[in-house]
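Below is one structure, written out as structure tokens, with a few remarks after it.
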Amino acid sequence: MLIASWNVNSIRSRLSQITSWIKHTKPDVLCLQETKVVDKDFPLIPFENLGYTVIMNGQKSYNGVAIISKADCTDIKYGFKGELKISDIVNEFDEQKRIISALINGIRIINIYVPNGSSLNSEKFEYKINWLNKLNEYLIQQEKRGEHTCLLGDFNIAPSNNDIYDPNRFVECIMASKIERETLKRILKNRFIDSFRVFEEFSGHWSWWDYRNNSFMLDRGWRIDLIYVSNNLLPRLKSSVIERDQRGNDQPSDHVPVMINIDYDEVFNEFDDEDEDIFEI
DNA sequence: ATGGCAGAAGCATTCTGA
């Protein structure tokens, strides 16, 4: 089962690139960020024609997330209110459309677009940290159901210096600061594993290159698009790759797709076993 | 310290991203 994530920087601008990539790669699940479109204007037909269903949590101009899936999406949760009691604070955070989740083939897929935060001394940075703390509350609720879980998306955080082309240039800068990394670590607890680092320990692998300063040509990139799997999914993890070539497209997104392969049959069987255990009790 | 490139809104230029 192939599960992918891609910040496309406008789905309408990137539509043909996305459908081409889907035709070539045939992912089972593709999580999108920065779709930049309200739900009623989302281009559904091209994906339905390829045999996929789409769920979305969209917004005009900014943000917006969606999940494109071959299999049915069930128990869909839009925004923080999907897991948290509705309050003024939750409603306020949910004005920005940055999170959508669903059960697909027995796996909980949580697709997130973490705020960028601008710079460490800005109000937006405060929002970023508060948003991540809200995500922590969200995940505490979600964890109670004991689901096999895949938490993925654009994290706007390089988890370590190995994930930045020149870490010395970005000490205590946005996406690289200690406070961001520690906040992320707190959320992951000992529950989630960075799928890419299961297979690759070295630096030099990026998922985002700035549009400016000829960054892609100079290979000045960051790895900020991440796929985390829960501990109970780790034994089924077969690979984790970065689709670097997509950055070389004409008018590309500044991010490329990242993707894991999960041994789906075994997950399915394990779920059957668990159901039987519950029955016996 | 600032802009650099790109997309959306909307029609000149500003806002936002990372």
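Predicted model, so just to flag it, every value in this text is computed and none were measured. Just so it is clear: chains get the letters A, B, ... in the order the sequence lines come, proteins before strands, and each one is counted from 1.
Along DNA chain B, the nucleotide closest to A/D210 and the one closest to A/S61 are compared, and the more 5′ of them pairs with A/S61. Nearer the 5' end of DNA chain B, as judged by each residue's closest nucleotide, is the contact made by A/N214, out of A/N214 and A/Q96.
Here the side chain of A/E34 is nearest to one of B/dG4, B/dA18, B/dA9, namely B/dA18. The side chain of A/Y211 lies closest to B/dC5, out of B/dG4, B/dA9, B/dC5.
Contact annotation: A/N116 side-chain N/O to B/dG17 OP1/OP2 distance is not under 4.0 Å. The side chain of A/Y62 places no N or O atom within less than 4.0 Å of a non-bridging phosphate oxygen (OP1 or OP2) of B/dA6. In this model, the phosphate group of B/dA9 is not approached by any side-chain N or O of A/K36 to a distance below 4.0 Å at OP1 or OP2. Checking the phosphate oxygens (OP1, OP2) of B/dA18, a side-chain nitrogen or oxygen of A/N7 falls inside 4.0 Å. Using a 4.0 Å cut-off, no side-chain N or O of A/S118 falls inside it from OP1 or OP2 of B/dT16. The side chain of A/S253 contributes no N or O atom lying less than 4.0 Å from OP1 or OP2 of B/dA6.
Distance, A/N213 CG to B/dG17 C1': 15 Å, rounded to whole Å. Here the C1' atom of nucleotide B/dG17 and the CZ atom of A/R98 are 10 Å apart, to the nearest Å. In this structure, CD1 of A/I224 is placed 10 Å from C1' of B/dG17, rounded to the nearest angstrom. In this structure, A/D41 atom CG and B/dG7 atom P are separated by 18 Å, rounded to whole Å. Atom CD1 in A/I11 sits roughly 18 Å away from atom C1' in B/dG17 (whole-Å rounding). Rounded to whole Å, the distance from CD1 on A/I164 to C1' on B/dA18 is 12 Å. Here the C1' atom of nucleotide B/dG7 and the CG atom of A/N9 are 6 Å apart, to the nearest Å. Remark: C1' of B/dA6 and CZ of A/F216 are 16 Å apart, rounded to the nearest angstrom.
Taking the C1' atoms as reference points, B/dG10 lies 24 Å from B/dG4, given to the whole Å. Of the P atoms belonging to B/dA18 and B/dA1, the separation is 22 Å, rounded to the nearest Å. To the nearest whole angstrom, the two P atoms, one in B/dT2 and one in B/dA6, are 23 Å apart.
Defined by atom type and a distance below 3.5 Å, a donor-acceptor pair is present between the side-chain atoms of A/N232 and A/S230.
In this view, A/E123 satisfies the side chain to side chain contact (heavy atoms under 4.5 Å, CB included) rule with no residue, not counting sequence neighbours.
Between A/Q142 and A/L135, the closest side-chain pair of non-hydrogen atoms is not below 4.5 Å.
Using a 4.0 Å heavy-atom distance criterion, A/K124 is classed as a sugar-phosphate-only contact. At a threshold of 4.0 angstrom between heavy atoms, the contacts of A/W208 are confined to the sugar-phosphate backbone, with no base atom among them. Backbone-only engagement by A/D154 is indicated by non-hydrogen atom pairs under 4.0 Å involving sugar-phosphate atoms exclusively. In this structure, A/Y113 reaches the sugar-phosphate backbone alone: every heavy-atom distance under 4.0 Å involves primed, P, OP1 or OP2 atoms, never a base.
Here the two rings, on A/W209 and A/W222, have centers that are 6.0 Å apart or farther.
A/Y138 and A/F80 have perpendicular rings, their planes meeting at more than 60° on a 0 to 90° scale where under 30° would count as parallel.
Of the candidates A/N156, A/N63, A/N111, A/N7, A/N111 is the only one forming a side-chain hydrogen bond (donor to acceptor under 3.5 Å, both in side chains) with A/Q33.
On a pure distance criterion of 3.5 Å, a polar donor-acceptor pair joins the side chain of A/R212 and the base of B/dA18.
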